[in-house]
Amino acid sequence: MRGFEYVRAADPADAIHAARQTSSAPPTLAPTQFLAGGTTLLDLMKLDIMRPTRVVDISGFRNRTDGIAFDRQGLHLGAFVTMAEAADHPDIRRDYPIIAQSLDLAASAQIRNMATLGGNVLQRTRCSYFRDTSWQACNKRSPGSGCAALRGLNRKHAVLGTSENCIATYPGDFAQALVALGADIEIAGPSGARRVKFEDLHVAPDAHPEIETILNPDELITGFAVPAGPWTRRSLYLKVRDRESYEFALASAAVALDLHDGVVNEARIALGGVATKPWRAREAEAALKGRALSEANARQAAEAAFATTKTHGHNDYKPELGRRTLVRALMQAATVEA
Amino acid sequence: MPNAHDALSSFSVITRRTILSSTAAASAVPLTMTRGQATPNAEPSAAPPLSVDLVVNNRTERLIIDSRTTLLDALREHLNLTGTKKGCDHGQCGACTVHVGGKRVLSCLTLAVSIREPIATIEGLAKQDGSLHPMQQAFIDQDAFQCGYCTPGQIMSAVACVKEGHAGSDAEIREYMSGNLCRCAAYPHIVAAIKQAKSATESG
């Protein structure tokens with residue numbers, strides 16, 4: 001790991017001030033980085049993939065008592081709440097099972113004790129060409145250098161939202177729950193606070209895979225607002241992976257349903273493990289609206305969700321795995337008591 | 001069982017580390033680094049050393065360290081508490097599991113200078129009189145290790161697993177212990193050990 005200046009921030013305003021940037025690099029390549037749980041940043045610093053010269057420690061913002069709140073409008077999650085705190089909260093487990101499950105099924109108990117929700121949504125891809133500096137070509141790591149995964153071992157790579165410059169999979173789980181539930185994200189920066197749709201936080205790789213979000217380097221995620229809705233209780237997160245626990249998704253589906261007498265009033269669907277960003281499956285949602293939730297209709301919705309995939313050889317299996325994962329998630333969600 | 005001795009007791013005089021470092025074979029074992037080589041091939045730090053007070057197993061320790069020093073390296077290389085093991089050093093294996101503020105965390109992905117709460121390691125688990133923690137005893141009784149390298153992390157994780165209330169069934173234990181890998185695949189015996197120690201750990 002390269003040397004860096006360590007700065008401990010007293011509060012979010014202090015952290016933003018300490019993170020004011022002198023370079024025009026995007027957040028992923030910026031010389032100043034925030035350190036919360038450290039589970040992504042320190043890993044990537046050891047691999048020499050992230051090379052900050054200054055680290056602003058915000059890990060002390062964790063374990064605040066006011067991080068999780070409910071009101072008529074829905075659920076508010078502080079960005080410094082740990083994954084474990086949110087996953088273990090009894091009201092979240094009851095009213096927003098999709099959120100609790102997306103966190104339970106991610107990482108390990110130790111990592112969930114460390115990692116914050118704000119850091120979790122910013123975790124970097126597990127693409128092995130990104131994580132290994134002995135491969136020269138990686139547009140995320142070294143913009144303009146190419147993509148070794150296109151003709152490399154790409155079994156775990158994305159089939160939705162890819163570009164000719166990057167096919168790296170977004171690795172997270174919690175983000176899919178937030179996308180499905182239509183959450184907002186709260187961001188603080190030097191010129192004040194702003195609130196945007198969580199769905200708009202991440203950007204597809206296109207020409208610039210090194211740009212992963214709409215954040216500026218000196219902006220800090222401070223919270224998530226999850227709207228209440230008739231679909232939040234009848235919701236789940238289904239994750240399919242190579243081993244049963246402590247593994248990233250090959251395909252996953254976040255599903256929330258508002259059902260009346262077996263007919264879909266509204267379906268909220270997001271897909272993980274198959275896309276370059278947390279992926280809202282609007283075509284699948286539209287295909288189900290107003291129709292009975294039968295397996296045949298669920299299959300039609302899944303076909304719509306994966307209508308425009310691009311595969312690269314080793315991941316040719318992914319569209320069908322993704323379709324079956326979504327069908328199973330929908331049929332299981334229908335049996336959840338609302 | 002000398003090969004698991006330092007995992008299970010803080011009173012061993014001759015540890016595997018002393019044996020290895022006194023033989024020529026030590027240099028052939030990449031995981032056994034001698035003091036001062038915790039960050040091989042790293043450039044010199046641009047930042048001056050930092051002073052940090054760590055409370056480890058109820059003792060306050062003042063360290064002067066580079067900002068890069070992980071809690072794992074601080075324990076092993078600066079405090080000579082080598083019960084906590086370095087496996088992958090990337091948060092994938094759980095061998096480095098310790099408790100910070102009563103919660104299990106990965107010491108390899110924690111900067112020592114960032115710590116604000118007390119730390120508990122495997123060396124602090126046994127009582128002052130040397131009697132083992134019920135979880136340590138259960139690992140011996142149930143034959144829950146072979147090579148023993150993952151065992152300190154397994155035991156620290158297991159104690160937390162029970163205290164969190166995540167040891168209600170075999171399936172739940174397996175799920176909540178999945179962050180601790182065991183290449184000898186002692187998993188069935190680890191589950192048995194956790195079940196054995198559960199009631200004593202809950203009340204302890």
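Letters go in sequence order (proteins before strands), and every chain restarts at 1.
In this structure the side chain of A:Leu103 never reaches within 4.5 angstrom of the side chain of A:Tyr237, judged on heavy atoms.
A salt bridge links A:Arg94 with A:Asp91: the closest approach of a Lys/Arg side-chain nitrogen to an acidic carboxylate oxygen falls below 4.0 angstrom. Of the charged side-chain nitrogens involved, none lies within less than 4.0 Å of a carboxylate oxygen, so that A:Glu210 and A:Lys140 do not count as a salt-bridged pair.
Between A:Tyr96 and A:Phe70, the ring planes are tilted. Angles from 30° to 60° get that label. Ring geometry for B:His166 versus B:Tyr176: interplanar angle under 30°, hence parallel rather than tilted (30 to 60°).
Only the side chain of B:Leu50 comes within less than 4.5 Å of a heavy atom of chain A; its backbone N, CA, C and O stay farther away. Heavy atoms of A:Arg131 lying under 4.5 Å from chain B belong exclusively to its side chain. For a residue to count as touching a neighbouring chain, one of its non-hydrogen atoms must lie under 4.5 Å from one of that chain's; by this rule B:Arg116 touches chain A with the side chain only. Contact of B:Cys161 with chain A is not made at all, since no heavy-atom distance falls under 4.5 Å. Neither the backbone nor the side chain of A:Asp48 has a heavy atom closer than 4.5 Å to any heavy atom of chain B. Residue contact with chain B, scored on non-hydrogen atoms closer than 4.5 Å, involves the backbone and the side chain of A:Leu47 alike. Of the atoms belonging to B:Glu164, it is side-chain heavy atoms, and not backbone ones, that fall under 4.5 Å from chain A.
The candidate from A:Asp43, A:Thr40, A:Thr39, A:Leu105 with the greatest count of non-hydrogen atom pairs under 4.5 Å with chain B is A:Asp43. Contact count against chain A (heavy-atom pairs under 4.5 Å) is highest for B:Asp89 among B:Ile115, B:Thr70, B:Val100, B:Asp89.
At least one donor-acceptor pair under 3.5 Å links the side chain of A:Arg141 to the backbone N or O of A:Asp132.
Closest non-hydrogen pair, A:Val55 versus A:Met45, comes out as CG2-CE, 4.1 Å.
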